[in-house]
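Here the structure comes first, spelled out in structure tokens, and everything after it is commentary.
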Amino acid sequence: MEERFIPLGKSFYKQPTLQLAKALLGCTLVKESEEGISAGYIVETEAYMGPEDRAAHSYGNRRTKRTEIMFGEHGIAYTYVIHTHCLVNVVSGPLEKPEAVLIRAIEPLSGVELMKKRRGMEDLRKLTNGPGKLTKAMNINMGDYGRDFSQPPLYIAPGYVPENISSGPRIGIDNSGEAKGYPWRFWVAGNSFVSR
DNA sequence: GCACAGATACGCT
DNA sequence: GCGTATCTGTGCA
């Protein structure tokens, strides 16, 4: 399994967050480690629009140790621990604009055996169809906080261009007032690896 | 299918 | 110190 992936350059992350969320669909998320390389197509994302978005950690420009990274440069990894799991975001927007795109699901592409081993299960469909699942499968954790997505060991490479993209309300933000209705969740239509 | 417990970093009192 | 969070696995119907 000697596949090579070429990271997308910094300029890719310059586009507006909502557009980036859609552009990321079909791209390849790659993580290299001592155990080997694992990669998968991104099939589901969510946009978090910073100050105006009640569901975002950076709502109202709340700047803390955790959200600090979102105020910085685009194309950086924002990893976040919740309960027993870890989630990964791509920081978007220009400096001082705390926007981000959450990666919710991927379709296993490379290093599948490694993912199965890390997840401790065989069911391909359930391997990475959720934000906490894919991070475990790809061994993404707080050690990846602040990592640059345009170079190894954690990066995003071109993949395929999805035929159809669907959008709808985001998930897991019930206590976020009217923001929970915003259709800022995007997924590859018809792909069975999306979370729900 | 649905409800529920799990177990951790962080922000607020 | 305590309550909350961009969730998941499990147990039961």
Side-chain angles (χ1 to χ4, degrees), chain A residues 13 16-18 20-22 24-25 27 29 31 40 42-72 74-93 97-108 115-147 149 154 156 166-188 192-196:
Chain A
Y13 303 96
T17 301
L18 287 174
L20 179 65
K22 283 183 273 192
L24 282 169
L25 293 175
C27 287
L29 179 66
K31 172 75 194 254
I42 297 169
V43 294
E44 185 178 356
T45 60
E46 277 178 12
Y48 284 87
M49 299 301 283
E52 303 86 42
D53 186 356
R54 186 134 160 34
H57 291 156
S58 50
Y59 172 64
N61 273 324
R62 224 158 60 106
R63 188 171 190 148
T64 64
K65 201 193 296 180
R66 203 168 42 168
T67 61
E68 178 70 31
I69 197 108
M70 286 201 276
F71 291 83
H74 50 244
I76 298 293
Y78 168 42
T79 49
Y80 170 75
V81 182
I82 181 169
H83 294 257
T84 47
H85 306 280
C86 192
L87 307 168
V88 62
N89 292 249
V90 182
V91 175
S92 175
K97 265 285 199 180
E99 301 176 353
V101 177
L102 168 69
I103 298 175
R104 282 196 61 85
I106 64 170
E107 175 182 341
M115 295 188 202
K116 283 180 179 173
K117 192 176 128 209
R118 287 183 184 133
R119 297 270 293 115
M121 60 166 68
E122 290 296 310
D123 192 339
L124 197 64
R125 249 193 52 105
K126 292 180 181 168
L127 219 47
T128 55
N129 66 335
K133 300 181 191 180
L134 77 89
T135 54
K136 190 173 180 192
M138 300 194 68
N139 198 25
I140 293 170
N141 48 55
M142 285 313 282
D144 294 305
Y145 181 88
R147 214 149 233 169
F149 268 121
L154 177 66
I156 292 172
S166 300
S167 62
R170 290 169 296 177
I171 293 194
I173 54 170
D174 288 346
N175 57 345
S176 302
E178 64 177 61
K180 75 177 178 183
Y182 299 168
W184 288 345
R185 171 173 170 246
F186 305 97
W187 67 94
V188 177
S192 57
F193 291 94
V194 301
S195 57
R196 19 193 120 158

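Note on naming: letters A, B, ... go to the chains in the order of the sequence lines (proteins, then strands), and numbering restarts at 1 for each one. Predicted model, so just to flag it, every value in this text is computed and none were measured.
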Under 5.5 Å between ring centres and under 30° between planes: does that hold for A:His85 against the base of C:dC7?
-> no
Separation of A:Trp187 CH2 from A:Glu46 CD (nearest 0.5 Å) | 10.0 Å
Euclidean distance, atom NZ of residue A:Lys126 to atom C1' of C:dT10 [Å, nearest integer] | 11 Å
Rounded off to whole Å, could you give me the CD1-to-C1' distance for the A:Ile171 and C:dT8 pair?
-> 13 Å
If you draw the axis of the six-membered ring of A:Tyr48, does the NZ or CZ of A:Arg170 fall within 45° of it and under 6.0 Å from the ring centre?
-> yes
Starting at atom CZ of A:Arg125, determine the distance to atom C1' of C:dT8, rounded to an integer number of angstrom.
-> 15 Å
Only counting residues at least two apart or in another chain, list the ones meeting side chain to side chain donor-acceptor pair (under 3.5 Å) with A:Thr64.
-> A:Thr67
Atom NZ of A:Lys133 and atom P of C:dT10 are separated, to the nearest Å, by 11 Å
Nearest-Å distance, CD1 (A:Ile82) to C1' (C:dT4)?
-> 9 Å
Give me the residues of residues 47-55 of chain A where at least one heavy atom lies under 4.0 Å from an atom of DNA chain C, by number, or none.
-> A:Tyr48, A:Ala55
Where the side chain of A:Thr45 meets the backbone of A:Ala21, is there a donor-acceptor pair that is under 3.5 Å apart?
-> yes
Backbone N or O of A:Arg66 within a donor-acceptor pair of the A:Tyr145 side chain at under 3.5 Å?
-> yes
Closest non-hydrogen atom pair, A:Arg54 against A:Gly177 | NE-N, 4.3 Å
Scan A:Arg62 against the nucleic acid and name what it touches under 4.0 Å (heavy atoms): base, sugar-phosphate only, or nothing.
-> sugar-phosphate
Shortest non-hydrogen contact from A:Asn141 toward A:Cys86 = CA-SG, 3.8 Å
Residues A:Glu44 and A:Ser195: side-chain donor-acceptor under 3.5 angstrom = yes
With no hydrogens and no angle check, is any side-chain donor or acceptor of A:Thr128 less than 3.5 Å from a backbone partner on A:Ile106?
-> yes
First-last contacting nucleotides on DNA chain B - partner chain A, under 4.0 angstrom, heavy atom = B:dG6 to B:dC12
N/O to N/O distances under 3.5 Å, protein versus nucleotides 11-13 of chain C:
none

Please give, in whole Å, the distance from C:dC7 P to A:Asn129 CG?
-> 14 Å
Between A:Arg66 and C:dA5, does any side-chain N or O lie under 4.0 Å from OP1 or OP2?
-> no
Note, DNA chain B 5' to 3' with Watson-Crick or G-U pairs under 3.5 Å encoded as ( ), [ ], | and . gives ||||||.|||||.
Taking side chain to side chain donor-acceptor pair (under 3.5 Å) as the test, write out the residues that go with A:Glu68, two or more places apart.
-> A:Arg63
Base, sugar-phosphate alone, or nothing: which one does A:Arg185 contact when heavy atoms must sit under 4.0 Å apart?
-> nothing
Would you mind reporting whether A:Ile76 and A:Phe149 have side-chain heavy atoms less than 4.5 Å apart?
-> no
How is A:Ala100 classified with respect to the nucleic acid when contacts are heavy atoms under 4.0 Å: base, sugar-phosphate, or nothing?
-> nothing
Has the side chain of A:Arg125 got a donor or acceptor atom that lies under 3.5 Å from a matching backbone atom of A:Ser192?
-> yes
So, for A:Pro169 and A:Lys180, which heavy atoms are closest and what is the spacing to 0.1 Å?
-> CB-O, 3.6 Å
Distance, rounded to the nearest Å, where A:Ile140 contributes CD1 and C:dC7 contributes P | 16 Å
Could you tell me whether A:Lys31 and A:Asp144 make a salt bridge, using a distance below 4.0 angstrom between a side-chain N and a carboxylate O?
-> yes
Touch check for A:Tyr145, heavy atoms < 4.0 angstrom, all strands: base, sugar-phosphate only, or nothing?
-> nothing
Look at all strands and tell whether A:Thr64 reaches a base, only sugar-phosphate, or nothing, counting heavy atoms closer than 4.0 Å.
-> sugar-phosphate
A:Ser92 and A:Pro16 have their tightest heavy-atom pair at OG-C, 4.5 Å
Send over the distance from A:Arg170 CZ to C:dA5 P, rounded to a whole Å.
-> 15 Å
